[in-house]
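Below is one structure, written out as structure tokens, with a few remarks after it.
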Amino acid sequence: MEKKTYKRNAKAMIYLTACALNARTPDSEKLKTLDMNELFEVCQGHILTACTAYALESAGIFDHNFTQAKEKAIRKNILFDAERNNILKRLESENIWYMPLKGSLLKDWYPKLGMRQMSDNDILCDGSKREQIRDIMLDMGFTCEHFGESKDDAYSKQPVFNFEMHNELFDVSQIGKLNEYYRDVKNRLIKDEDNACGYHFRIEDFYIYLIAHEYKHFTSGGTGVRSLADTYVLLKKFGDTMDKDYLTAELEKLGIADYEKQSRELAMKVFGREQLSDADKKLLDYYIFSGSYGTLENCAENDIERYGQGSKLRFILHRLFPPMNVIKTWYPFFYRHKWLIPVLLICRPFKGIFTNGTKIKKELHTLFKK
């Protein structure tokens with residue numbers, strides 16, 4: 001899809017999502033020129049298809065693709081809730097502490113069931129029990145997609161289940177102070193009252209974590225319009241009751257106060273249907289063209305800027321000779337056996353060409369473009 005066409009449909013998606021989030025019926029005049037196939041493609045890219053479907057249906061438009069996506073989202077939410085409860089019961093039986101993250105809670109704050117679509121479920125667990133948790137998940141019929149890599153272990157099971165069991169929220173290779181701030185995360189948690197091993201964030205800390213998670217993606221490959229919708233939904237529900245002084249102090253500690261301010265203001269303007277400044281429009285374009293999970297182009301641009309700091313040679317050296325925090329995160333075997341790191345440095349470029357060639361091509365294209 002051409003960039004101009006994509007942006008036009010993204011604006012329609014944003015308008016319809018705003019209508020859905022605020023229980024407003026869309027203006028039928030604004031819907032007459034919509035190409036449903038193009039709109040559907042853009043909505044799928046931002047995982048806002050079900051939300052858009054609700055708005056279209058309120059205006060009397062029942063498109064097959066949108067309606068089917070909405071029904072699938074509702075079914076998936078219900079199935080995930082049931083399976084997550086089964087997993088948490090098993091963790092309880094094994095005396096393993098846990099805390100559900102992000103979407104599994106956010107979805108209940110959207111106006112209607114299924115509006116907040118789920119691709120997976122994230123659960124923070126006792127990091128000292130990873131092998132025990134793996135045994136539980138395998139016993140429950142899950143397939144282990146990866147284990148012992150970075151900050152989470154991934155499991156899948158038919159028909160729709162994907163669970164990421166986190167032993168920490170941010171790994172040491174992540175930008176800024178994210179890992180340092182959340183290193184002893186359990187000290188920030190509140191014990192649930194209705195179970196033996198469950199914990200939760202106070203709402204201020206949940207919001208800070210949401211913003212920190214978005215910041216991680218925003219400064220890497222980018223993040224999509226749904227991130228702004230999540231912020232808007234949370235602030236509409238809890239914004240007036242949150243401790244602003246605490247938020248300000250903690251966001252400053254994390255070093256993301258400026259990012260929080262710009263994303264919060266943009267979210268409230270976009271879904272509150274307020275006038276956008278030129279700077280707002282430029283920032284919104286970054287969200288629009290990032291899609292839900294970012295782009296390799298953004299990732300390459302941001303990595304070169306962050307690690308190269310204006311120097312192509314510095315960036316190349318960073319990629320060829322990764323720092324120890326990167327090795328610790330992505331190559332734990334070599335981190336434990338440091339005398340083998342020279343072998344890693346020799347083999348890593350060849351492995352990258354075969355397993356991550358597309359990203360490397362994007363980096364080279366961006367590097368030489370600069």
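In what follows, residues are counted from 1 in the order of the sequence shown. In this text, all values refer to a predicted model and were calculated from it rather than measured experimentally.
- Atom NZ of Lys157 is separated from atom CD1 of Ile87 by 7.0 Å, given to the nearest 0.5 angstrom.
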| Worked check of side-chain hydrogen bond (donor to acceptor under 3.5 Å, both in side chains) between Glu38 and Thr5 | CA-CA 8 Å; Glu38 291 178 350; Thr5 303; 5.3 Å; no
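- Here the straight-line distance linking atom CZ of Arg226 with atom OG of Ser119 works out to 5.5 Å at 0.5 Å rounding.
- Residues Asn187 and Asp184 have side chains that never bring a donor and an acceptor to within less than 3.5 angstrom of each other.
- Between Thr67 and Glu57, the side chains place a donor N or O and an acceptor N or O closer than 3.5 Å (distance only, hydrogens not considered).
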| query | Can you check side-chain hydrogen bond (donor to acceptor under 3.5 Å, both in side chains) on Asp245 and Thr248, steps first, answer last? | reply | CA-CA 5 Å; Asp245 291 337; Thr248 299; 5.5 Å; no
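- In this structure, Gly198 and Lys191 approach most closely via the heavy-atom pair O-NZ, 3.1 Å.
- Here the closest non-hydrogen pair linking Val225 and His46 is N-ND1, 3.1 Å.
- Phe206 and Trp109 have their aromatic ring centers within a separation under 6.0 angstrom.
- Looking only at side-chain heavy atoms (C-beta outward), Glu168 and Asn179 come within less than 4.5 Å of each other.
- Considering only heavy atoms from C-beta on, Ile74 comes within 4.5 Å of Ile78 through its side chain.
- The cluster map of Ile, Leu, Val, Met, Phe, Trp and Tyr, joined by side-chain heavy atoms under 4.5 Å apart, puts Val185 and Leu91 in different clusters.
- Of the candidates Tyr98, Tyr155, Phe142, Phe163 forms a ring pair (Phe, Tyr, Trp, His ring centres under 6.0 Å) with just one, namely Phe142.
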| said: Determine whether Asp139 and Arg90 satisfy the following criterion, salt bridge (charged side-chain N to carboxylate O under 4.0 Å, His left out), listing intermediate values before the conclusion. | reply: CA-CA 10 Å; Asp139 185 59; Arg90 286 294 302 270; 3.0 Å; yes
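- Of the candidates Tyr182, Tyr199, Trp97, Phe201, Leu124 forms a side chain to side chain contact (heavy atoms under 4.5 Å, CB included) with just one, namely Trp97.
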| message | Let's go through Tyr110 and Asn77 carefully: what are the C-alpha distance in whole Å and the side-chain angles of both, what is the deciding distance for side-chain hydrogen bond (donor to acceptor under 3.5 Å, both in side chains) to 0.1 Å, and is it a yes or a no? | response | CA-CA 12 Å; Tyr110 275 67; Asn77 275 3; over 6 Å; no
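- In this model, no donor atom of one side chain and acceptor atom of the other lie less than 3.5 Å apart for Ser227 and Asp230.
- Cluster annotation: Ile190 is not connected to Met99 through the hydrophobic network of ILVMFWY side chains, with a link wherever side-chain heavy atoms come within less than 4.5 Å.
- From Met13, atom CE reaches atom CG of Leu39 across 8.0 Å, with rounding to the nearest 0.5 Å.
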| Full working for salt bridge (charged side-chain N to carboxylate O under 4.0 Å, His left out) between Glu250 and Lys253 | CA-CA 5 Å; Glu250 297 304 303; Lys253 287 180 189 176; 2.9 Å; yes
| field | Ile208 vs Leu254, side-chain contact (heavy atoms from CB on, under 4.5 Å): CA-CA, chis, key distance, verdict | value | CA-CA 9 Å; Ile208 292 168; Leu254 260 172; 3.5 Å; yes
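- Between the side chain of Lys7 and the main chain of Asp285, no donor-acceptor pair closer than 3.5 Å is present.
- Hydrophobic clustering of Ile, Leu, Val, Met, Phe, Trp and Tyr side chains at less than 4.5 Å, counting indirect connections, keeps Leu48 apart from Met118.
- By the 30° and 60° cut-offs, the orientation of the rings of Tyr287 relative to Phe218 is tilted.
- Summarising the geometry of Ser58 relative to Arg24, their closest heavy-atom pair is OG-O, 4.2 Å, with the distance given to 0.1 Å.
- Using cut-offs of 30° and 60° for the angle between ring planes, the Phe80 and Phe161 rings count as perpendicular.
- Looking at Ser263, its side chain does come within 3.5 Å of a backbone N or O of Glu260 through a donor-acceptor pair.
- Between the side chains of His146 and Asp153, not a single donor N or O lies within less than 3.5 Å of an accepting N or O.
- Considering every non-hydrogen atom in both Leu235 and Arg264, the closest pair reads CD1-CG, 3.6 Å.
- In this structure, Leu101 and Tyr209 have side chains that are in contact, with non-hydrogen atoms separated by less than 4.5 Å.
- In plain terms, the two heavy atoms of Tyr6 and Ile288 that are nearest each other are CE2-O, 3.5 Å.
- Side-chain atoms of Asp243 come within 3.5 Å of backbone atoms of Tyr246 as a donor-acceptor pair (strictly under, hydrogens ignored).
- Between Ile123 and Glu164, the closest side-chain pair of non-hydrogen atoms is not below 4.5 Å.
- For the residue pair Thr49 and Gln117, the shortest heavy atom distance occurs at N-OE1, 2.9 Å.
- The closest side-chain heavy-atom distance from Phe66 to Leu16 is not below 4.5 Å.
- Side chains of Arg84 and Ser104 form a contact here, defined as non-hydrogen atoms less than 4.5 Å apart.
- In this structure, Leu105 is not a member of the same hydrophobic cluster as Leu79, with clusters built from ILVMFWY side-chain heavy atoms closer than 4.5 Å.
- Within the 4.5 Å cutoff, side-chain heavy atoms of Lys112 are placed close to those of Met115.
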| task | Apply side-chain contact (heavy atoms from CB on, under 4.5 Å) to the pair Arg183 and Glu180, showing each step before the final yes or no. | result | CA-CA 5 Å; Arg183 185 173 297 151; Glu180 177 186 348; 4.2 Å; yes
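- Interatomic distance, Asp81 CG to Asn85 CG, rounded to the nearest 0.5 Å: 6.5 Å.
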| task | Could you walk me through whether Asp122 and His166 pass the side-chain hydrogen bond (donor to acceptor under 3.5 Å, both in side chains) test, one step at a time? | result | CA-CA 7 Å; Asp122 298 80; His166 292 250; 2.8 Å; yes
| request: Given side-chain contact (heavy atoms from CB on, under 4.5 Å), test Lys237 with Ile203 step by step and report yes or no. | output: CA-CA 11 Å; Lys237 186 172 180 64; Ile203 191 59; over 6 Å; no
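- From Lys151, atom NZ reaches atom CE of Met165 across 14.5 Å, with rounding to the nearest 0.5 Å.
- A donor-acceptor pair under 3.5 Å links the side-chain atoms of Asp126 to the main chain of Ser128, judged by distance alone.
- Looking at Ile136 and Ile96, their side chains come closer than 4.5 Å, going by heavy atoms from C-beta outward.
- Salt bridge status for Glu2 with Lys4: absent, with no side-chain N to carboxylate O gap under 4.0 Å.
- Going from atom CG of Leu138 over to atom CZ of Arg134 covers 7.0 Å, rounded to the nearest 0.5 Å.
- Between the side chains of Glu214 and Thr223, not a single donor N or O lies within less than 3.5 Å of an accepting N or O.
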| said: Set out, in order, the CA-CA distance, both residues' side-chain angles and the distance that settles salt bridge (charged side-chain N to carboxylate O under 4.0 Å, His left out) for Glu265 and Lys261, then state yes or no. | reply: CA-CA 6 Å; Glu265 291 179 350; Lys261 182 176 185 292; 2.9 Å; yes
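- Centroid-to-centroid, the aromatic rings of Tyr181 and Phe170 stay 6.0 Å apart or farther.
- Hydrophobic clustering places Ile133 together with Phe147 (ILVMFWY residues linked when any side-chain heavy atoms are closer than 4.5 Å, directly or through intermediates).
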